[in-house]
Amino acid sequence: MRRQARVRESLFAEAIYRWHPMFASAAFDVWYHGADAAPATIEGGDVLVIGNGAVLAGMSERTTPQALEMLAHRLFAADAATSLVAIDMPKQRAFMHLDTMLTMADHGVFTKYAGMGMLRSYTIEPGASARELKVTDHPPEDMHTALAAALGLPRIKVLTAVQDVRSAQREQWDDGCNVLAVEPGVVVAYERNVTTNAYLEENGIEVITVAGGELGRGRGGPRCMSCPIERSG
């Protein structure tokens, strides 16, 4: 974790997974060991698995380029991913993690905060050797094109509710774009983000709303309050 107040969480979790009898001999992959990589940091809200062997990540105020480089090497070495698209985000508290601005709602469909705009992005792929990475630099106007290419699609669909600047900022602060897709086209969202939820439904996305009053006080949305799961099929 990036902030000093949360560093111990990372250390405790790492100690448990490395040495507790329930996990020490378990055959699961660890993509990033924080203690081995300091001062590089990575936080889960900046990492989205989007399909087609692609991972989408934000270089935010909490996740460093160095950490994403290490993550890419480990994913590629294990044949767990074929590309990683990194978006260069504003280094501001309001844009804490990528999933506060952009999440996936369906195959090739994203919900996006209007204030995010278009940002510089980089497609990272395996290089000529195991120690190398191939990096393609995309100008801001090509951000959506880079995402579509990673997904093997001609284009992606981006859903951004039309609202005034203040309303958009309020819903973004309340995690309006931080939705959790529980299946393609079905997402969990906070009920208070009425405009964004209605817009998603108008565009064919089923929205399951939850109150989230106390959850939201911790500055987290449905996606970043969830735990990764393993799916079959």
Side-chain angles (χ1 to χ4, degrees), residues 31 42-73 75-76 79-92 94-128 132-163 165 168 171-172 176-181 183-185 187 196 199-200 202-205 221 223-224:
W31 303 118
I42 188 169
E43 297 197 1
D46 282 320
V47 182
L48 283 68
V49 178
I50 59 176
N52 194 43
V55 173
L56 174 61
M59 293 185 292
S60 66
E61 68 164 7
R62 307 292 181 93
T63 295
T64 64
Q66 295 86 347
L68 293 184
E69 181 179 345
M70 287 184 275
L71 175 64
H73 274 297
L75 289 171
F76 298 157
D79 291 324
T82 55
S83 67
L84 187 151
V85 179
I87 295 179
D88 192 4
M89 295 167 50
K91 309 306 185 280
Q92 302 173 18
F95 303 119
M96 183 190 306
H97 293 135
L98 179 62
D99 68 8
T100 66
M101 301 194 294
L102 181 79
T103 48
M104 204 170 192
D106 200 346
H107 293 302
V109 180
F110 295 82
T111 176
K112 177 184 172 184
Y113 167 50
M116 179 179 185
M118 301 292 280
L119 302 172
R120 183 171 292 279
S121 58
Y122 304 85
T123 298
I124 305 170
E125 298 170 293
E132 297 178 295
L133 295 173
K134 176 186 174 184
V135 180
T136 305
D137 186 345
H138 306 287
E141 60 269 21
D142 288 346
M143 185 178 80
H144 293 173
T145 304
L147 289 178
L151 288 168
L153 300 173
R155 66 188 61 82
I156 60 172
K157 184 176 182 180
V158 179
L159 303 178
T160 301
V162 178
Q163 48 191 329
V165 173
E171 289 211 353
Q172 188 266 342
C177 292
N178 190 309
V179 299
L180 173 66
E183 65 178 75
V187 302
T196 298
Y199 185 77
L200 292 176
E202 289 168 6
N203 283 273
I205 305 299
R223 181 187 181 273
C224 55

For [X] and [Y], work out which heavy atoms get closest and say how close.
| X | Y | value |
| --- | --- | --- |
| Gly108 | Leu153 | CA-CD1, 3.7 Å |
| Thr111 | Cys177 | CG2-O, 3.6 Å |
| Ala105 | Ala181 | O-CB, 4.4 Å |

State, with a plain yes or no, whether a side-chain heavy atom of [X] is found less than 4.5 Å away from one of [Y].
| X | Y | result |
| --- | --- | --- |
| Ile42 | Met70 | no |
| Ile124 | Phe76 | yes |
| Asn178 | Asp99 | yes |
| Leu159 | Tyr199 | yes |
| Met143 | Asp88 | no |

Tell me, please, which residues at least two apart from His138 pass side-chain hydrogen bond (donor to acceptor under 3.5 Å, both in side chains). Thr123
Once side-chain hydrogen bond (donor to acceptor under 3.5 Å, both in side chains) is applied, do any residues pair with Ser60, and if so which ones, sequence neighbours excluded? Asp46
Could you state the interatomic distance from [atom1] ([X]) to [atom2] ([Y]), rounded to the nearest 0.5 Å?
| X | Y | atom1 | atom2 | value |
| --- | --- | --- | --- | --- |
| Leu133 | Leu68 | CG | CG | 11.0 Å |
| Arg62 | His97 | CZ | NE2 | 5.0 Å |
| Met96 | Lys91 | CE | NZ | 15.0 Å |
| Thr64 | Glu69 | OG1 | CD | 9.5 Å |
| Leu102 | Ile50 | CG | CD1 | 9.0 Å |

Residue pairs passing the side-chain hydrogen bond (donor to acceptor under 3.5 Å, both in side chains) test with at least one member in residues 141-154, sequence neighbours excluded, are Lys112-His144
Sequence neighbours left out, what pairs pass salt bridge (Lys or Arg N to Asp or Glu O under 4.0 Å) with at least one residue falling in residues 143-157? none
Give me each pair satisfying salt bridge (Lys or Arg N to Asp or Glu O under 4.0 Å) with a member in residues 115-128, each pair once, sequence neighbours excluded. Arg120-Asp137, Glu125-Lys134
Side chains of residues 51-58: which donor-acceptor partners sit under 3.5 Å, not counting sequence neighbours?
residue	atom	partner	partner atom	Å
Asn52	ND2	Ala150	O	2.9
Asn52	ND2	Leu151	O	3.4

Should Met101 and Ile87 be marked as a side chain to side chain contact (heavy atoms under 4.5 Å, CB included) after you check the CA-CA gap, both sets of side-chain angles, and the distance that decides it? CA-CA 11 Å; Met101 301 194 294; Ile87 295 179; over 6 Å; no
